[in-house]
Amino acid sequence: MKLIYTHANNFIVLNAKNIVESASIKVFLKNEYSTGAVGELPPVENWLELWVVEDLHYERAQQLLEVFNTQELADWGCVKCSEINGGAFDFCWNCEASSHYSETVS
C-alpha cells in the first residue's frame, strides 16, 4: 500500500477517494476514526489519509488526483451584497453569506 493523498479537510479526501475509485482502483482510508485523539497527537497525525491498496495502481491514482488538484475554482458573486468572491471562499468576505446562494462569475 502507498499513500496517495491527505488533507486537513475530510470532505476533500473523500472526494479524492471517489475520483480514484471511479477508475476501479481499490483504496483504503487511514485515520478515519482518529478525531478522538485530537489534542493527544499533533493535528497532522490525525488527518484522513487515502492509500492505494495495490502499488501497481499508484501512478494512475496520482495522475487522477493531479487533475483533481489543479482544477481552478470559479469566482462567485454574492446574491445578498453583489460582492465578487474567490472560488476558494465558502462565505462572502463582505457579508458572510454562504456561497450556496451565489452566482458563478465568468
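Note that these values count all heavy atoms, side chains included, but never hydrogens, waters or copies made by symmetry. These numbers were taken from a predicted model, which means no experiment stands behind them. For this chain, numbers begin at 1 and follow the sequence in order.
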side-chain contact (heavy atoms from CB on, under 4.5 Å) between Thr6 and Leu50, worked out: CA-CA 6 Å; Thr6 188; Leu50 182 64; over 6 Å; no
If you compare all heavy atoms of [X] against all heavy atoms of [Y], which two are closest, and at what distance to 0.1 Å?
X	Y	value
Gly86	Asp75	CA-OD1, 3.4 Å
Leu65	Tyr5	CD1-CB, 3.8 Å
Ile4	Ala61	CD1-CB, 3.9 Å

- prompt: Just by distance, with hydrogens left out, do Trp51 and Glu49 show a side-chain donor and acceptor under 3.5 Å apart?
  reply: yes
Table please: side-chain donor-acceptor pairs of residues 16-29 below 3.5 Å, with sequence neighbours left out.
residue	atom	partner	partner atom	Å
Lys17	NZ	Glu21	OE1	3.1
Lys17	NZ	Glu21	OE2	3.2
Asn18	ND2	Leu14	O	3.4
Ser22	OG	Ile19	O	2.6

Donor-acceptor pairs are to be reported for all side-chain atoms of residues 52-60 against protein atoms at under 3.5 Å, with residues two or more places apart or in another chain.
residue	atom	partner	partner atom	Å
Asp55	OD1	Met1	N	3.3

query: Any side-chain heavy-atom pair from Asn31 and Trp47 closer than 4.5 angstrom?
result: no
Close side-chain approach of Trp76 to Cys92, heavy-atom, < 4.5 Å: yes
query: To the nearest 0.5 Å, how far apart are CZ in Phe91 and CG in Asn85?
result: 11.5 Å
- prompt: Which distance, rounded to the nearest 0.5 Å, do you find between the CG of Leu48 and the CG of Asn10?
  reply: 4.5 Å
task: State which residues pass side-chain contact (heavy atoms from CB on, under 4.5 Å) with Asn9; sequence neighbours excluded, sorted by chain then number.
output: His7, Phe11, Ile12
